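Below is one structure, written out as structure tokens; comments come after it.
Owing to the predicted nature of the structure, the values given are computational and were not obtained by experimental measurement. Counting convention: from 1, in listed order, for ligands and their atoms alike.
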Amino acid sequence: MTQQTNQSWGGRFTEPTDEFVAAFTASIGFDQRLYHHDIRGSIAHATMLARVGVLTEQERDAIVNGLQEIEADIERGEIEWSVALEDVHMNIEARLTDKIGITGKKLHTGRSRNDQIATDIRLYLRDEIDIVAEEITRLRKGMIELAAQEADTIMPGFTHLQTAQPVTFGHHLLAWQEMIARDHERLLDCRKRVNIMPLGAAALAGTTYPIDRHVTAELLGFERPAENSLDAVSDRDFAIEFTAFASILLMHLSRMSEELVLWTSAQFDFIDLPDRFCTGSSIMPQKKNPDVPELVRGKTGRVYGHLMGLLTLMKSQPLAYNKDNQEDKEPLFDTLDTVKGCLRAFADMVPALRAKADNMREAASRGFATATDLADYLVRRGVAFRDAHEIVGKSVAYGIAQGKDLAEMSLDELKQFSTMIDDDVFEVLTLEGSVAARNHIGGTAPDQVSAAAQRARDALSSLNAVNPSAQGA
Ligand code: ARG
């Protein structure tokens with residue numbers, strides 16, 4: 001990057017900016033990422049200015065061609081960003097003037113960097129949201145298909161991480177899918193508020209030129225122009241909202257990661273995570289570490305940090321634009337990079353998970369997972385639930401002492417605790433009987449899981465059908 005005197009606002013200054021201050025206040029180091037959206041916004045602005053007669057058609061053409069050339073220059077790596085020119089907007093404008101002469105200086109008519117940057121971030125974030133939505137779609141599909149495949153694979157269900165009742169692995173995966181489905185909806189809802197156009201607000205109060213904000217909004221695919229110029233240039237709640245979405249999504253991915261880490265341990269040994277998602281240890285030759293889920297769990301913290309950072313950035317700002325807002329970009333960009341990386345890892349990894357069905361089943365058959373089923377059986381035979389709970393509690397205590405699960409006891413052993421128990425009890429004490437009995441919407445019965453997987457497929461396609469921006473539907 002080169003140092004030069006700022007030509008964009010230097011008029012009232014009597015000495016050049018201190019070199020440290022120039023570097024300290026510059027954003028070009030990170031906002032260059034916005035170049036494509038900045039150029040897109042400028043082309044729309046110039047087109048609108050020509051439409052309302054503020055620029056001639058020749059001026060517009062010179063500007064539009066110049067900007068397109070600059071974009072190509074940037075993509076060929078031919079631009080040297082200048083710190084003295086502060087940010088992406090002034091770097092591009094200065095280059096435009098170098099290229100096309102005095103007409104380049106007309107581009108900024110009726111506009112300020114304040115509405116320009118607010119527009120750029122919204123355009124950029126809108127495109128990124130569409131990429132994130134595609135990855136979420138891919139992840140949801142992977143979860144749904146694996147769930148359908150594992151609809152009758154039995155595993156222990158946990159509360160307090162203690163064996164509670166048998167469930168199916170498909171049911172567990174569809175629980176994950178529900179979490180991500182809500183995140184998906186939150187994302188698409190956030191997109192609606194991102195897709196509002198600040199351009200035309202100018203510095204803060206609007207502009208004296210006869211601009212037509214509907215034209216610019218339409219050219220840029222925005223839903224509408226922002227209602228209030230002061231609000232349009234100042235608030236970054238849309239970026240905060242995206243980061244809040246991202247925090248909740250990563251909270252979910254982190255919970256799933258925790259389960260994957262547990263399940264790949266020798267103690268659980270419920271799943272196999274293919275080698276390509278794992279790494280080894282430089283000292284312990286036997287190790288195969290679940291690094292990908294561990295890292296996703298770890299990366300969650302930085303996104304929470306960005307949410308707190310952005311909230312704090314905004315909280316004390318008076319209207320309208322303040323330079324504080326320049327600090328919105330790095331947390332937002334890092335949130336985007338992190339979310340895209342974690343989603344990609346998960347969307348690749350989930351379809352590759354292999355259930356170790358025998359181990360899952362074995363674990364479910366320990367820990368008295370069908371104790372509730374025995375209590376429900378007694379209730380069906382007229383015993384009050386509290387009494388049934390007590391009877392089963394005593395059978396479990398007996399089982400612990402004898403080292404036997406309920407299904408492993410003889411009828412006579414069971415009858416010691418209640419004469420109401422008959423030989424049909426074994427139907428409910430089996431793992432298959434237990435899951436099959438929970439046969440209602442939202443329950444873990446294999447038939448319900450298959451039906452739920454189909455509903456999830458349908459819900460995903462209709463969500464993507466009403467959101468034309470979403471790909472991969
Ligand atoms: N780099 C600035 C930002 O990121 C652009 C807007 C600057 N506006 C100003 N009046 N200094 O927010």
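Closest to atom 10 (N) of ligand 1 among all protein heavy atoms lies Asn114 OD1, 3.0 Å. Atom 1 (N) of ligand 1 has as its closest protein heavy atom Gln326 OE1, 2.8 Å. With respect to atom 12 (O) of ligand 1, the closest heavy atom belonging to the protein is Tyr321 OH, 2.5 Å. Here the heavy atom of the protein found nearest to atom 11 (N) of ligand 1 is Arg113 NH2, 3.5 Å.
Polar contact with ligand 1: present for Ser27 (N/O pair, distance under 3.5 Å). Among the atoms of His89, none of the N or O lies under 3.5 angstrom from an N or O of ligand 1.
In summary, Arg51 and Asp212 do not engage in a salt bridge, as defined by a charged side-chain N under 4.0 Å from a carboxylate O. Using a 4.0 Å cut-off between charged side-chain N and carboxylate O, Lys340 and Glu128 make a salt bridge. Of the charged side-chain nitrogens involved, none lies within less than 4.0 Å of a carboxylate oxygen, so that Lys329 and Asp120 do not count as a salt-bridged pair.
The list of side chain to side chain donor-acceptor pair (under 3.5 Å) pairs with a residue in residues 156-165, not counting sequence neighbours, reads Gln165-Thr372. Pairs engaging residues 243-262 under the side chain to side chain donor-acceptor pair (under 3.5 Å) rule: His172-Glu259, Trp176-Glu259, Asp183-His252, Glu258-Arg297 [sequence neighbours left out].
For ligand 1, the atoms closer than 4.0 angstrom to any heavy atom of Asp87 are 1 (N), 5 (C). Atoms of ligand 1 lying under 4.0 Å from at least one heavy atom of Lys329, given by number and element, are 3 (C), 4 (O), 12 (O).
Using cut-offs of 30° and 60° on the angle between ring planes, the pair Phe242 and Phe245 is tilted.
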